[in-house]
Amino acid sequence: MVAFRVDTLWLPMALNTGETLVLDQDYPSTLESVDVAEAEILKAAGEAGFDEDEQHRIGMSVRECMVNAVVHGNRYNRRKPVHVNVVVERREQRARLIIRIADQGEGFEVNEVPDPLHDNNLLRHSGRGLFLMGAFMDDMKVRRLSPRGTEVTLVKNIAVRKTADRIRDEETEIS
Amino acid sequence: MSVKLNTRQVGDVTVIDLSGRITLGEGASALRDVLRDLTAKGNKKILLNLGDVTYIDSSGIGELVSGFTTVTNAGGTVKLLNLTKRVKDLLQITKLYTVFDVHDDEAHGVRSFA
């Protein structure tokens with residue numbers, strides 16, 4: 001498990017029942033952080049039971065989200081870290097990997113982001129990141145933080161069978 | 001590993017073999033630089049071989065689109081060769097698969113410029 005530290009800007013999130021903390025970390029606003037966060041969450045996704053294709057989609061969503069946070073949100077300001085929180089939530093028959101990525105930027109209106117699939121936007125250089133996150137993840141939410149910043153929540157459902165296998169494996173390891 | 005590019009000439013078609021990752025930073029800028037350079041030199045027929053590209057993000061897609069636009073505006077043509085399943089899926093999801101002329105066979109791709 002990745003050790004986490006408490007930054008003065010962020011309070012550690014209280015875990016809800018059934019949630020297991022996987023990662024809670026601040027990253028400097030650099031492109032290197034994009035690679036590091038992607039690699040750490042990919043590792044977590046593998047341990048959560050996702051297959052290679054699903055891991056690729058999760059990793060790419062995290063990369064797009066981290067790039068948005070570093071480049072557009074914090075604008076490479078090293079005094080503004082990107083906060084990443086990852087939990088695995090297990091409730092009854094449902095299990096989900098929940099990834100929250102927060103920047104300290106000025107924020108944006110989701111509804112004002114141009115549709116990259118519109119004919120007029122197809123040949124635009126940028127503007128596909130949010131769309132890809134939504135396409136690759138099972139759920140995505142964007143919310144404004146107070147007094148500043150944006151938090152994106154990315155959710156991927158874990159197949160119940162895989163969860164059961166994993167729990168059984170863990171019990172075997174314990175015994 | 002960032003992207004590696006190798007440029008070679010097949011008749012009057014310039015084939016660019018790319019391998020590695022085309023992502024924000026070095027990978028995307030390397031692709032942008034080579035396409036601008038070729039366009040400036042007057043190369044009009046460019047075939048991008050993506051067979052060994054392991055990863056491409058939205059910035060990489062953006063560079064493909066920008067390169068396509070740059071070369072087209074200069075009177076040239078950019079076509080794609082040997083898409084991996086993941087790159088093909090990505091282009092289909094973003095509706096760009098129909099924008100590019102895509103080939104699975106180099107000889108066929110080269111002939112298509114004629």
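Naming: A, B, ... by sequence-line order, numbering from 1 per chain. Keep in mind the model is a prediction, meaning the values are calculated, not measured.
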Exercise for review: Establish, for the pair K79(B) and F100(B), whether the NZ or CZ atom is under 6.0 angstrom from the six-membered ring centre and no further than 45 degrees off its axis.
Suggested key: no
Check your understanding: So how far is it from S126(A) OG to H72(A) NE2, rounded to the nearest 0.5 Å?
Key -> 6.5 Å
Check your understanding: Heavy-atom distance under 4.5 Å to chain B: side chain of E38(A), backbone, both or neither?
Key -> side chain
Point to revise | Part of L31(A) lying under 4.5 Å from any heavy atom of chain B | key: side chain
Check your understanding: Of the backbone (N, CA, C, O) and the side chain (C-beta and beyond), which part of D119(A) lies under 4.5 Å from a heavy atom of chain B, both, or neither?
Key -> side chain
**Study point:** Portion of V71(A) that has a non-hydrogen atom of chain B nearer than 4.5 angstrom
**Key:** side chain
**Study point:** Proximal component of L122(A), with respect to chain B [non-hydrogen, under 4.5 Å]
**Key:** both
**Study point:** Straight-line distance of R128(A) CZ to L90(B) CG, nearest 0.5 Å
**Key:** 9.5 Å
Point to revise | Atom pair OG1 (T23(B)) and CG (D57(B)), whose distance is rounded to the nearest 0.5 Å | key: 5.0 Å
Review point. Side chain, backbone, both or neither: which part of R57(A) has an atom under 4.5 Å from a heavy atom of chain B?
Key: neither
Practice item. Over 60° means perpendicular and under 30° means parallel, so classify the ring planes of H108(B) and H103(B), tilted if in between. Key: tilted
